[in-house]
Amino acid sequence: MKTENLNTDELFEALPNFINVEGELYHFSLIKGSKRIIIDYTMNKSEGGKSLCQTYWSGKTIKEALKNCLDWLIKFDYNNKKS
């Protein structure tokens, strides 16, 4: 998938709501910081609250953050682990 040509809505739609890794569900999360947009996939706090691969993706715009996240998910084949 070529993410360079996708607009913000298409990038958002391409990201899974949940990622299932070996029976553990990670939920999509988007946070607006004071200078950046942060995206991660996190387990429920009751299940430990840990982030997928202990990482997050960010950007100065929503589009940049979404693209960074989707590119990483594609690189490591996490975009195909939808629940």
Side-chain angles (χ1 to χ4, degrees):
M1 172 186 295
K2 299 260 185 194
T3 61
E4 295 82 24
N5 300 327
L6 299 177
N7 64 37
T8 303
D9 289 339
E10 292 167 329
L11 288 165
F12 190 75
E13 287 296 319
L15 290 170
N17 296 328
F18 302 93
I19 296 176
N20 185 338
V21 178
E22 298 177 6
E24 295 183 325
L25 287 179
Y26 295 86
H27 307 271
F28 176 85
S29 172
L30 181 124
I31 301 165
K32 182 187 177 296
S34 60
K35 296 184 182 183
R36 300 189 75 69
I37 306 295
I38 300 167
I39 297 173
D40 74 345
Y41 282 88
T42 309
M43 295 177 74
N44 288 335
K45 292 196 187 294
S46 63
E47 296 172 1
K50 67 180 180 177
S51 294
L52 176 66
C53 297
Q54 303 303 312
T55 192
Y56 64 90
W57 306 272
S58 67
K60 292 182 180 179
T61 65
I62 291 175
K63 182 177 181 177
E64 182 182 359
L66 293 169
K67 183 183 178 315
N68 290 340
C69 180
L70 184 56
D71 286 342
W72 189 90
L73 293 176
I74 290 169
K75 180 178 178 179
F76 293 99
D77 200 34
Y78 282 109
N79 62 315
N80 292 320
K81 298 188 183 305
K82 296 179 184 181
S83 177

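We're numbering straight along the sequence, starting at 1.
Here the closest non-hydrogen pair linking Ala65 and Gly59 is CB-N, 3.7 Å. When every heavy atom of Ser58 is checked against every heavy atom of Asn68, the shortest pair comes out as O-ND2, 2.7 Å.
Between the side chain of Glu47 and the backbone N or O of Met43 there is no donor-acceptor pair closer than 3.5 Å.
The salt bridge (charged side-chain N to carboxylate O under 4.0 Å, His left out) check on Glu24 picks up Lys50, with sequence neighbours excluded. With sequence neighbours left out, Thr55 forms a side chain to side chain contact (heavy atoms under 4.5 Å, CB included) with Cys53, Trp57, Trp72. Partners of Phe28 under the side chain to side chain contact (heavy atoms under 4.5 Å, CB included) rule, at least two apart in sequence or in another chain, are Phe12, Leu15, Leu30, Ile39, Tyr41, Leu66. Shown here are the side chain to side chain contact (heavy atoms under 4.5 Å, CB included) partners of Asn5, two or more places apart in sequence or in another chain: there are none. The side chain to side chain contact (heavy atoms under 4.5 Å, CB included) test applied to Asp9 returns Asn7, not counting sequence neighbours.
Here the CG atom belonging to Leu11 is positioned 11.5 Å from the CD atom belonging to Glu64, to the nearest 0.5 angstrom.
Taking the charged nitrogens against the carboxylate oxygens, Asp71 and Lys67 do have a contact shorter than 4.0 Å, which makes a salt bridge.
In the hydrophobic cluster analysis, where Ile, Leu, Val, Met, Phe, Trp and Tyr join through side-chain heavy atoms closer than 4.5 angstrom, Phe76 is grouped apart from Tyr56. Tracing side-chain contacts under 4.5 Å through hydrophobic residues (I, L, V, M, F, W, Y), one reaches Val21 starting from Ile74; they form part of the same cluster. Using a 4.5 Å cut-off between side-chain heavy atoms of Ile, Leu, Val, Met, Phe, Trp and Tyr, with links allowed through other members, Leu6 and Leu73 fall into the same hydrophobic cluster. Both Ile62 and Leu70 belong to a common hydrophobic cluster when Ile, Leu, Val, Met, Phe, Trp and Tyr are linked at side-chain heavy-atom distances under 4.5 angstrom.
Among pairs with a residue in residues 25-44, none fulfils salt bridge (Lys or Arg N to Asp or Glu O under 4.0 Å), at least two apart in sequence or across chains.
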